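Here's the structure, in structure tokens; my notes come after.
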Amino acid sequence: MTRNPIVKVLSTMHTRQVRCLLMGGQACVLYGAAEFSRDTDFVVLADRSNFSRLLSAMSDLKAESIAVPPPELKYLLKGHALHFRCRHPDVPGFRVDVMTKMRGVEDFRKLWKRRSTLVMESGMRAEVLSIPDLVQAKKTQRDKDWPMIRRLLEVHYIQNVGKADKKKVEFWLKEMRTPALLIEAAGRFPCEARALVGRRRVLSAALRGDAKKVEKILLQEELEARKRDRAYWEPLRRELELLRHTASAESGVPAPLAVREKRSRYGSKKPG
């Protein structure tokens, strides 16, 4: 197995000219907000030609579709994720998940224009979801995503505060989830913070330096976002369960169910 299997996956996607952006845990690793991720998640352009190239890349990786839905373009367009398990000897057992729609995230063409191009230690160039878009994509009902959002903002703030522009400042003030840093940012950029109080209530407490109030409101923000995410995915989750039951009835074999503790965007355990 290669030391870093993501290199093999990315090189295969590049060779097949799949229009895609790395997101999820692997993107967080590249941005310095995580140390490890077992899966690879992509957002892809969902048209017929690009989908055909994606399937060719999965074939090169000897990737099998796991669980449901089956790897068909119509399910991507509905908003489902497609799940693959690689059997190539360079990446045995490595998982690839693919999506094209996410709650609160714009369409692929806009994401592509805002993408980041990062160079890995191997020299491989990776097209990655921008940090602001990655933050939006991670506002889910999953416990693991919220610490990652916090860390992404911390890294971005610390790396760029000395060269801040209006766009970066607004991003930090709208999205920062670390109480101490949010209070610091509001104190450093008070005019911008006051201008955004009407759009984010926590900034009023941050301007006062009230750490306990900031922490309380940030928790409320998270709970409300989790609730919206559950409501968004509920119809898709029901459709997924129907697909599982249909596949089981037709084959006489129970459809693959979730076997890992990691929870999917649907709110159920992610298929292993």
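For clarity, every value in this text was computed on a predicted model and none was experimentally measured.
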**Q.** Polar side-chain atom of N50 near backbone of L45 as donor-acceptor pair, under 3.5 Å
**A.** yes
(Q) Counting C-beta onward and ignoring hydrogens, is there a side-chain heavy-atom pair between E106 and R114 closer than 4.5 Å? (A) yes
(Q) Has T178 got a side-chain atom pairing as donor or acceptor with A180's backbone, closer than 3.5 angstrom? (A) no
Q: Decide, yes or no, whether a salt bridge links R16 with D60 under the criterion of side-chain N to carboxylate O below 4.0 Å.
A: yes
Q. When rounded to the nearest 0.5 angstrom, what distance separates NE2 in H14 from SG in C20?
A. 10.5 Å
**Q.** Pairwise distance CD1(I149) to CG(L134) - rounded to 0.5 angstrom
**A.** 8.5 Å
Q. Around atom CD of E215, are there more than 12 heavy atoms of other residues, nucleotides or ligands at under 6.0 Å?
A. no
Q.
Looking only at side-chain N and O atoms, does Y31 offer a donor or acceptor that is under 3.5 Å from a partner on S116?
A. yes
**Q.** Separation of K174 NZ from L203 CG (nearest 0.5 Å)
**A.** 10.5 Å
(Q) Looking at every heavy atom in both L77 and K101, which two are closest together, and how far apart are they? (A) O-NZ, 2.5 Å
Q: Determine, using the 4.5 Å side-chain heavy-atom cutoff (strictly less than), whether L73 and F84 are members of one ILVMFWY cluster.
A: yes
Q. When V202 is tested against each of V197, I217, L173 for side-chain contact (heavy atoms from CB on, under 4.5 Å), which residue passes?
A. I217
Q. Where the side chain of R115 meets the backbone of W112, is there a donor-acceptor pair that is under 3.5 Å apart?
A. yes
(Q) Quick one, W172 and L181 - any side-chain contact, counting heavy atoms below 4.5 Å? (A) no
Q: Using a strict cut-off of less than 4.0 Å between a Lys/Arg side-chain nitrogen and an Asp/Glu carboxylate oxygen, indicate whether R85 and E64 qualify as a salt bridge.
A: no
Q | Atom pair CG (D107) and CE (M102), whose distance is rounded to the nearest 0.5 Å | A | 10.5 Å
(Q) Here's a test for you: under side chain to side chain donor-acceptor pair (under 3.5 Å), which of R150, K139, R200 qualifies with E175? (A) K139
**Q.** Worked verdict on L21 versus F108 for side-chain contact (heavy atoms from CB on, under 4.5 Å)
**A.** CA-CA 9 Å; L21 293 169; F108 181 86; 4.0 Å; yes
**Q.** Note, L152 side chain near C28 side chain (heavy atom, < 4.5 Å)
**A.** yes
Q) Are side-chain heavy atoms of V128 and M23 found at a separation under 4.5 Å? A) no
Q. Does R230 pair with E234 as a salt bridge, N-O distance under 4.0 Å?
A. no
Q: Answer yes or no on whether R177 is positioned over the face of W146, meaning its NZ or CZ is under 6.0 Å from the six-membered ring centre and within 45° of the axis.
A: no
Q: Locate the shortest heavy-atom distance separating R103 from A225; write the atom from each residue and the value.
A: NH2-O, 3.6 Å
Q.
Please tell me whether E239 and Y75 have a donor and an acceptor in their side chains that are separated by less than 3.5 angstrom.
A. no
Q.
Please determine whether a side-chain nitrogen of the Lys or Arg among R238 and E241 lies less than 4.0 Å from a carboxylate oxygen of the Asp or Glu.
A. no
**Q.** Gap separating the CG atom of D210 from the CD1 atom of I183, nearest 0.5 angstrom
**A.** 7.5 Å
Q: Mark yes when over 12 heavy atoms from residues, nucleotides or ligands other than Q17 sit less than 6.0 Å from its CD; otherwise mark no.
A: no
Q: May I ask you to say whether K227 pairs ionically with E224, meaning some side-chain N is under 4.0 Å from a carboxylate O?
A: no
Q) Is the shortest heavy-atom distance from the side chain of C86 to the side chain of V96 under 4.5 Å? A) yes
Q | Least distance between heavy atoms, P69 atom then A81 atom | A | CD-O, 3.4 Å
Q) Looking only at heavy atoms, what is the nearest atom pair of V98 and L76, with distance? A) O-CD2, 3.7 Å
Q. In Å and rounded to the nearest 0.5 Å, what is the CG to CD distance from D229 to E222?
A. 11.5 Å
Q. How about S204 and R208: does a side-chain donor come under 3.5 Å of a side-chain acceptor?
A. yes
Q.
Atom NE2 of residue position H88 - does it have more than 12 heavy atoms of other residues, nucleotides or ligands inside 6.0 Å?
A. yes
Q.
Counting only heavy atoms from other residues, nucleotides and ligands, does the tally under 6.0 Å from NZ of K168 exceed 12?
A. yes
Q.
For a quick test of reading the model, state the closest non-hydrogen atom pair linking A33 to R151 and the distance between them.
A. O-CG, 3.2 Å
Q: Report the C-alpha separation of D97 and T40 in whole Å, then their side-chain angles, then the decisive distance to 0.1 Å, and conclude whether the side-chain contact (heavy atoms from CB on, under 4.5 Å) test is met.
A: CA-CA 6 Å; D97 292 339; T40 307; over 6 Å; no
(Q) For W233, does the six-membered ring have the charged nitrogen or CZ of R237 within the cation-pi criterion, i.e. under 6.0 angstrom from the centroid and within 45° of the normal? (A) no
Q.
Are the side chains of T140 and R226 in contact, using a 4.5 Å heavy-atom criterion?
A. no
Q. Is R125 atom CZ crowded by more than 12 heavy atoms from other residues, nucleotides or ligands, each under 6.0 Å away?
A. no
Q | hydrophobic_cluster_shared for L30 and L10, side chain cutoff 4.5 Å | A | yes
Q: Following the transitive rule for hydrophobic clusters with a side-chain heavy-atom cut-off under 4.5 Å over Ile, Leu, Val, Met, Phe, Trp and Tyr, establish whether L243 and M99 coincide in one cluster.
A: yes
(Q) Run the side-chain contact (heavy atoms from CB on, under 4.5 Å) test on M13 and M58 for me, step by step, so that the C-alpha distance in whole Å, both residues' side-chain angles and the decisive distance to 0.1 Å come before the verdict. (A) CA-CA 8 Å; M13 298 290 243; M58 293 300 100; 4.1 Å; yes
Q) For K138, which of D145, D143, D133 qualifies under salt bridge (Lys or Arg N to Asp or Glu O under 4.0 Å)? A) D145
(Q) With heavy-atom distances below 4.5 Å as the criterion, would you say the side chains of L207 and P190 are in contact? (A) yes
Q.
Check whether S11 reaches the backbone of V7 with its side chain - one donor and one acceptor, N or O, closer than 3.5 Å.
A. yes
Q.
Show the nearest heavy-atom pair for residues A164 and V169, with the distance to one decimal.
A. CB-CG2, 3.8 Å
Q. Between M148 and Y157, is there a shared hydrophobic cluster once you connect ILVMFWY residues whose side-chain heavy atoms come closer than 4.5 Å?
A. no
**Q.** Validation row: S49, R53 side chains within 4.5 angstrom (heavy atoms)
**A.** yes
Q.
For a side-chain contact (heavy atoms from CB on, under 4.5 Å) check, start with the C-alpha distance between D41 and L22, then their side-chain angles and the critical distance, and finish with the verdict.
A. CA-CA 6 Å; D41 299 275; L22 188 65; over 6 Å; no
Q) Would L118 end up clustered with M120 when hydrophobic side chains under 4.5 Å apart are linked, directly or stepwise? A) yes
Q. Taking the six-membered ring for Trp, is the centroid-to-centroid distance between H156 and F171 below 6.0 Å?
A. yes
Q: Tell me yes or no: between the side chains of R201 and Q220, is some donor less than 3.5 Å from an acceptor?
A: yes
